[in-house]
2 protein chains.
Amino acid sequence: MTRVTAQDVAEEAGVSLATVDRVLNKRKGVRDKTIERVTQAMDRLNFVRDQAAANLARGRTYTFTFIVTAGETAFFSDLRGEIEAARDFAAKERVALRMVAVPPLDPQAIVDAIDSFGDDLGDGFAIVSVESQAMREAIKALRDKGVHVITFISDVPNSERQRFVGIDNVAAGRVAGGLLKRFISAPKGDVAVVAGSGTLRDHVERRMGLEQVMRAECPHLTVLPWIEGEESGPLVEQKLSKLLAENPNVVGLYSVGGGTKGVIGAIEAAPQEISVVTTELSDHTRAALIAGTVDAVLVQDPSHEVRSAVRVLKALADETIINEKQERIRIEIFMRDNLP
Amino acid sequence: MTRVTAQDVAEEAGVSLATVDRVLNKRKGVRDKTIERVTQAMDRLNFVRDQAAANLARGRTYTFTFIVTAGETAFFSDLRGEIEAARDFAAKERVALRMVAVPPLDPQAIVDAIDSFGDDLGDGFAIVSVESQAMREAIKALRDKGVHVITFISDVPNSERQRFVGIDNVAAGRVAGGLLKRFISAPKGDVAVVAGSGTLRDHVERRMGLEQVMRAECPHLTVLPWIEGEESGPLVEQKLSKLLAENPNVVGLYSVGGGTKGVIGAIEAAPQEISVVTTELSDHTRAALIAGTVDAVLVQDPSHEVRSAVRVLKALADETIINEKQERIRIEIFMRDNLP
DNA sequence: GCAAAAATGATTGACGTACCTCAAGCATTA
DNA sequence: TAATGCTTGAGGTACGTCAATCATTTTTGC
């Protein structure tokens, strides 16, 4: 069972290797009829291009840049760690990774970070961004220069990003809703929502998912206006404590992201019996799960997300197809009983 | 930013390319002191071996064989489909995949399947197996011939398999337990368990996980002896219907795997109000989730598992390291609200 | 200090594809 | 009929590593 090479295809099609090569790499100067003959020969022989040899011959290296959120949220500090860790595996495939951490919730900082590279933009960017017009323009500017752009973790819809890599955040919200629906035994009450900011698409979508479930299936529960914590634990704790003190009817809480530590602090101090779903598997949420303060934690795997982003950027650069199943990022649910 | 090649390492270490190559490929004929110098030079320059070029030069191709369960279970028919689908992506990396489907629960069939390859064993096997002494011996025989062996989906502990690729089945059982614990509102009752066979390690482990949670946290619930359905829907339906008719105290059910269609049929006909957790996301379970017959479905992604198996076998063959995070197969939880 | 053995150097040809050049063939148009 | 432009063939080099050979140097044992 020996491999079929481009040379074999050439013989089968009755053309030269050069022509097969022109077809393979979509170079011009081949008649449609000839292209047809070559592709048919490839089908007949079941020719599969040897990626390894192709990359080697091309001698191509790729530079991809991650622009991520700085700050000490457990998730983002994990994410930065995973990007660092991905350097090694990426290097084996001739991919160099760069990373810039910018302050959260500040689109201008992202634009500045991109500008700081000057003409050395590399081949692609993966950007964790808030949704803003400035970002849409920055993405368009990159695309116009032939740089590939994907949004990462949090999407920027209606921009020219080629793809979004991250979980289905509406689905995550629905999961949270489905869990709260079953966890809350009170016949009536309010559900609080804590988020980072209304400019974070992922947070907005998660809340949407929660509301979808609540409206459709839980007429006895009311979703309260959300608390914006700006990714700050203390601020979240202060605002949430105030809410819980003023509203004794809160029976459920969904912490959409950011400031989870503050959420846990406020819940522990509150008199109500509250069912709680949060994000991020950190030491704090882990302890809270065990203690019973938090009932479930919804997690996205940053390690998978980083690998997926690199694969997608590489596929865009190589113009190869993306394996959709592989790039579907899963939402994991952890409860006290299945903590890893 | 040009790549560091073996040639660069040779210069840095003050040796020839041939020596670097000997060190790289662990060939003998190099003094320890020299090995040291070369590896230090590699560290200094941050040398990363180009896998693509290496495989190309080696001209090596790999043949891996999947031995999987035949039969029409949704999961296994998906799994077989994914193995077929993986052929393309594998071919790009010089990996040929073979697949044999054998009747379920029959270790001898697996042994026969292996024997049918004669001396053409290829480089590795991924085997979905029941636990039995015959299998342990067959695995040992393969290993003795230098063939790599991993168990797949269901493990065979205490065998010489080099690795198990699949989910943590005890954790899956604990998740089921955690969910049932919360879903069941009755103050007291029995929990039924339906499984394929006691020789399937994955089923045994899932039940173990369930019992761990139940014993520790649910003194009010009693786990009943399990029903063995031998992967047959009708048999499961018959046995389970009988149980439900005789025992009005059943308030929860965990279908560990196999015969899910029968489970759903029996539940629908039963008078009790039962909280149900099953496996496999098929048309049947999907409809049952929407109808409310089933409360949650625990899923493993066969597409991920197949890719993981191929990567692991390749890493074993190449003697390269395995990225543990990438190979952790996740357990997904679907409820009515987050059906994809 | 010598011979034998071990270690190292120098060199070369794969491996399969990419990409380039040059020349030749061919059809179309003026 | 010649000029033009498009298509194709032929052949070569490069990519980084592997694997092998043969020559040369260094080390080891006595």
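Closest approach to the Ala57(A) side chain among dA18(C), dA7(C), dT8(D) is made by dA18(C) (side chain taken as heavy atoms from C-beta onward). Side-chain atoms of Phe47(A) lie closest to dT17(C) of the nucleotides dA18(C), dG9(C), dT17(C). Among dT17(D), dT26(D), dT17(C), the nucleotide with an atom closest to any side-chain atom of Arg31(B) is dT26(D). For Ala53(A), counting side-chain heavy atoms from C-beta on, the closest listed nucleotide (dC18(D), dT17(C), dT8(C)) is dT17(C). The side chain of Leu56(B) has dC15(C) as its nearest neighbour among dC15(C), dA18(C), dT17(C).
Nearest approach of Glu327(B) to Ile322(B), heavy atoms of both residues: CG-CG2, 3.6 Å. For Arg98(B) against Gly122(B), the heavy-atom pair with the smallest separation is NH2-N, 3.9 Å.
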(message) salt bridge (Lys or Arg N to Asp or Glu O under 4.0 Å) for Arg161(B) and Asp155(B)? Distances and angles first, verdict last.
(response) CA-CA 9 Å; Arg161(B) 97 279 190 280; Asp155(B) 197 10; 2.9 Å; yes
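Checked by atom type and distance alone, the side chain of Asp50(B) pairs as donor or acceptor with a backbone atom of Ala52(B) at under 3.5 Å. Side chain of Asp120(A) to backbone of Phe117(A): no donor-acceptor contact under 3.5 angstrom is found.
Spacing between atom CG of Asn55(B) and atom P of dC18(D) amounts to 9 Å, rounded to whole angstrom units. Atom pair Asp32(A):CG and dC6(D):P shows a separation of 14 Å (rounding to whole Å applied). Distance Gln51(A) CD to dC15(C) C1': 16 Å, rounded to the nearest Å. Rounded to an integer number of Å, the gap from CG of Asn25(B) to C1' of dG16(D) is 12 Å. Per the geometry, CZ belonging to Arg27(B) stands 14 Å off P belonging to dT8(C), to the nearest Å. Gln7(A) has its CD atom 15 Å from the C1' atom of dA14(C), to the nearest Å. As a whole-Å value, the separation of Met42(B) CE from dT17(D) P is 11 Å. Rounded to whole Å, the distance from CZ on Arg49(A) to C1' on dC15(C) is 17 Å.
Heavy-atom distances to DNA chain C give each of Ile35(B) and Arg58(B) a nearest nucleotide, and the one nearer the 5′ end belongs to Ile35(B). Nearer to the 5' terminus of DNA chain D, by closest-nucleotide assignment, is the contact made by Gly29(A) (compared with the other of Ala18(A) and Gly29(A)).
At a cut-off of 3.5 angstrom, counting only N and O atoms as typed in the model, there is a donor on one side and an acceptor on the other between the side-chain of Arg22(B) and the base of dG9(C).
In this structure, Asp21(B) reaches the bases: a heavy-atom distance under 4.0 Å links it to at least one base atom across the strands shown. Within 4.0 Å (heavy atoms only), Arg94(B) reaches sugar-phosphate atoms of the nucleic acid but no base atom. Using a 4.0 Å heavy-atom distance criterion, Leu17(A) is classed as making no nucleic acid contact. Residue contacts for Gly59(A): at a heavy-atom cut-off of 4.0 Å it reaches no nucleic acid atom on any strand shown.
Put simply, the side chain of Glu36(A) does not reach to within 4.5 Å of the side chain of Arg31(A), judged on heavy atoms.
Residue Ser16(B) places no side-chain N or O under 4.0 Å from the OP1 or OP2 atom of dT8(C).
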